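Keep in mind the model is a prediction, meaning the values are calculated, not measured.
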Amino acid sequence: MRSDRPLSRAELPIDTAALARFLMGKIVMRALPEGLVSGRIVETEAYIIGDAAGHAYRGITPRTRSLFLEPGHAYVYLAYGISSMLNVSSELPGVGAGILIRALEPLDGIPIMRRNRGIERLRDLARGPGRLAAALRIDRGLDGLDLCREGPLWLAQDSTGPGEIAESIRIGLSRDADRPLRFYSPGNPFVSGPTSLNAG
DNA sequence: TACGTGATTGCCT
DNA sequence: GGCAATCACGTAC
C-alpha cells in the first residue's frame with residue numbers, strides 16, 4: 001500500500017541534479033473535485049545553476065520567480081502555447097534552478113486522467129511533460145505552490161523505491177544540450193523520448 | 001507596440 | 001518520421 005505522506009523539505013537534496021535523481025520513483029498527488037489523481041515519477045530533467053537552457057538563466061522575472069523559491073515549490077509554465085510543464089524548484093532561496101517532471105506512471109484516478117486527456121490509451125496518459133500536466137489538470141494557477149504539504153498538488157513518499165535509474169542528455173534543447181542531466185527508469189513503458197535515449 | 005522563440009503534442013503519411 | 005498549431009514572455013524598437 002502506498003503512503004501519501006508529503007515529502008518533507010528537510011529531506012530534499014539542495015543540489016539540482018541530486019534532487020532530480022531523488023525525485024525518481026516519488027509520487028505526484030493531485031486533488032481534484034472528482035477525486036485524487038496520482039502517478040509515479042519515472043523521468044526527470046535537471047536545469048542546474050548557470051544552465052543556458054534553464055528559464056532562470058537570465059535572472060528572476062515575474063514568470064520565473066518560483067524557480068528562486070526554496071526547494072520543493074512548483075514552477076509551472078506554458079510551452080508552445082499549448083502545453084503546461086510542471087517543475088520543482090531546487091537550490092537555496094534566491095538561486096534559480098529546478099527539475100522538469102517529464103513522465104509519470106499512472107496510479108490512482110486513471111479514469112479522471114483519461115477524461116482530462118480525452119484519450120483511452122494508458123501508456124499515453126502521462127508520457128511527456130505536457131501530457132502529465134494535462135492528465136493532472138495542472139496549469140499556471142498552481143505556480144508557486146508548496147509541494148511539501150498536502151493541498152491541491154504535492155509530492156509524496158513512495159514505499160517501493162525507484163529501482164534502477166539511468167541517465168542521458170536532455171530532450172528538446174538547443175542550448176547546453178550535451179550535458180547528461182536527464183534521469184529515467186530504463187525499460188519502463190511510461191518514459192517519454194526517442195528510443196535512442198532510453199537504453200538500459 | 002512588435003516580433004522571435006520555445007524544457008511539445010497530435011495528427012498525417 | 002515530419003510538421004503545423006498556438007501563445008506567454010522577454011527583448012528590442
Let me know the distance between [atom1] of [X] and [atom2] of [N], rounded to the nearest Å.
X: A:Leu181; N: B:dA7; atom1: CG; atom2: C1'; answer: 12 Å
X: A:Leu100; N: B:dA7; atom1: CG; atom2: P; answer: 10 Å
X: A:Arg123; N: B:dG10; atom1: CZ; atom2: C1'; answer: 15 Å
X: A:Ile138; N: B:dT9; atom1: CD1; atom2: P; answer: 13 Å
X: A:Leu125; N: B:dT9; atom1: CG; atom2: P; answer: 13 Å
X: A:Leu132; N: B:dT8; atom1: CG; atom2: P; answer: 12 Å
X: A:Arg121; N: B:dG10; atom1: CZ; atom2: P; answer: 12 Å
X: A:Asp51; N: B:dA7; atom1: CG; atom2: C1'; answer: 10 Å

Step through the shown structure and confirm whether more than 12 heavy atoms of other residues, nucleotides or ligands are within 6.0 Å of CZ on A:Arg149.
->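 No, the 6.0 Å shell around CZ holds no more than 12 heavy atoms from other groups.
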Answer yes or no: does a side-chain N or O of A:Arg182 lie under 4.0 Å from OP1 or OP2 of B:dA7?
->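 For B:dA7, neither OP1 nor OP2 has a side-chain N or O of A:Arg182 closer than 4.0 Å.
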Looking only at side-chain N and O atoms, does A:Arg127 come under 4.0 Å of OP1 or OP2 in B:dT9?
->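 So the side chain of A:Arg127 is outside the cut-off, no N or O lying under 4.0 Å from OP1 or OP2 of B:dT9.
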What I want to check is whether the side chains of [X] and [Y] have a donor and an acceptor closer together than 3.5 Å.
X: A:Ser168; Y: A:Arg182; answer: yes
X: A:Arg40; Y: A:Thr160; answer: yes
X: A:Ser66; Y: A:Asp143; answer: yes
X: A:Glu43; Y: A:Ser192; answer: yes

Any-strand Watson-Crick or G-U partner of C:dA8, both distances under 3.5 Å =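 The answer is B:dT5, by the H-bond criterion.
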Base, sugar-phosphate alone, or nothing: which one does A:Arg63 contact when heavy atoms must sit under 4.0 Å apart?
->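 Since only primed, P, OP1 and OP2 atoms lie under 4.0 Å of A:Arg63, the category is sugar-phosphate.
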Chain A on DNA chain C: first and last contacting nucleotide, 5' to 3', under 4.0 Å to a heavy atom?
->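 From 5' to 3', the first and last contacting nucleotides are C:dA5 to C:dT11.
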Check whether any side-chain heavy atom of A:Leu23 sits under 4.5 Å from a side-chain heavy atom of A:Leu7, and report yes or no.
->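 Side chain of A:Leu23 against side chain of A:Leu7, heavy atoms only: contact under 4.5 Å found.
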With a 4.5 Å limit on heavy-atom distance, are the side chains of A:Leu147 and A:Leu153 in contact?
->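 In contact.
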Return the nearest nucleotide to the side chain of A:Arg117; candidates are B:dT9, B:dG10, B:dA7.
->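 Ranking B:dT9, B:dG10, B:dA7 by closest atom to the A:Arg117 side chain puts B:dG10 first.
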Consider the side chain of A:Tyr47, meaning its heavy atoms from C-beta on, and name the nucleotide among B:dG10, B:dA7, B:dT8 that approaches it most closely.
->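 So the side chain of A:Tyr47 is nearest to B:dA7.
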Pull out every residue in residues 172-180 of chain A that has a heavy atom closer than 4.0 Å to any atom of DNA chain C, ordered by number, or say none.
->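 Under 4.0 Å from DNA chain C: no residue of residues 172-180 of chain A.
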Do A:Met29 and A:Val37 belong together in a cluster built from hydrophobic side chains that touch within less than 4.5 Å?
->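 No, separate clusters.
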Would you confirm whether the ring centroid of A:Tyr47 sits within less than 6.0 angstrom of the ring centroid of A:His55?
->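 No - the distance between ring centres of A:His55 and A:Tyr47 does not fall below the 6.0 Å cut-off.
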